[in-house]
Amino acid sequence: AAYAVAPPAVRERGGDIRLVPASLDAADIARVLKDGYDVARLSDGFGELIETLGLDVLFVDTHPGLNEETLLSIAVSDFLVLILRPDRQDFQGTAVTVEVARKLNVPELLLVVNKALTSMDYVALRQKGERAYNATVAGVFPESEDVLRLASGGVFSLLYPDHQWSREVTRVAARLMA
């Protein structure tokens, strides 16, 4: 199922955003773990989804780090958005993923810093990321108790479109669609 999650501003302009959640079925997960991924099948499935839903853009959210799923998703991507936390371990792990993406000739790469403390200097975080990876940092998302409190009980930016966190999502989305 593809769920409509477009905020009112997108719908007012005739746009649409769909969310297709991954399977939580234990048999599906076990099959993937046992058999692995077929990159051609994954790419074909993405193409079919794009065609069936009439999508201009398909975002694929993968697990952090480099595993088979992530590598295959990067390999078929035209655009990669890497999300990292502002800590040394994430900065080091992201460096490896950036290098792999460049070796796989991903045409466009953007970074997003997530869970930044409100006391941090967001301009300095942005500059640090851009220097470290020679890539644009599209946004810095603050750590938000409000987002955590929702506990995946909905799409936060739809429920609270005027919240600081949601406004940053909107800025990043505008950058991605430019």
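Source: prediction; values computed, not measured.
- Environment of CZ in Phe46: crowded, with over 12 heavy atoms of neighbouring residues, nucleotides or ligands closer than 6.0 Å.
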Next item on the list: Determine, step by step, whether Val57 and Phe79 satisfy the side chain to side chain contact (heavy atoms under 4.5 Å, CB included) criterion, reporting the C-alpha distance in whole Å, the side-chain angles of both residues, the deciding distance to 0.1 Å, and the verdict.
Entry: CA-CA 10 Å; Val57 176; Phe79 201 109; over 6 Å; no
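- In this structure, CD on Gln92 lies 10.0 Å from OG1 on Thr94, to the nearest 0.5 angstrom.
- Of all non-hydrogen atoms in Leu159 and Gly154, the two that sit nearest each other are CD1-CA, 4.2 Å.
- No more than 12 heavy atoms of other residues, nucleotides or ligands lie within 6.0 Å of CG in Asp61, so this atom counts as exposed by the packing criterion.
- Here CG of Leu49 is found 10.5 Å from CZ of Arg18. Values are rounded to the nearest 0.5 Å.
- The structure places CD1 of Ile17 at 11.0 Å from CG of Asp56, a figure rounded to the nearest 0.5 Å.
- A 4.5 Å side-chain heavy-atom check between Asn134 and Arg102 finds at least one atom pair inside the cut-off.
- Judged as a salt bridge (charged side-chain N to carboxylate O under 4.0 Å, His left out), and not counting sequence neighbours, Asp162 has no contacts.
- Taken from CG in Leu53 to CD in Glu48, the straight-line distance is 10.0 Å, to the nearest 0.5 Å.
- In summary, Arg126 and Glu130 do not engage in a salt bridge, as defined by a charged side-chain N under 4.0 Å from a carboxylate O.
- Distance CD/Gln164 to OG/Ser144: 8.0 Å, rounded to 0.5 Å.
- The side chain to side chain donor-acceptor pair (under 3.5 Å) pairs that include a residue from residues 165-174 are Glu168-Arg171, where partners are two or more places apart or lie in different chains.
- Taking CD from Glu143 and OG1 from Thr118, the interatomic distance works out to 9.5 Å, rounded to the nearest 0.5 Å.
- The minimum heavy-atom distance between Ser77 and Pro107, with the atom names listed, is O-CD, 3.7 Å.
- Under a 4.5 Å side-chain heavy-atom criterion applied to ILVMFWY residues, the cluster that includes Leu117 comprises Leu66, Leu71, Ile74, Leu80, Leu82, Leu84, Phe91, Val96, Val98, Val100, Leu104, Val106, Leu109, Leu111, Val113, Met120, Tyr122, Leu125, Tyr133, Val137, Val140 as well.
- Taking each heavy atom of Phe141 and Val172 in turn, the nearest pair found is CZ-CG2, 3.9 Å.
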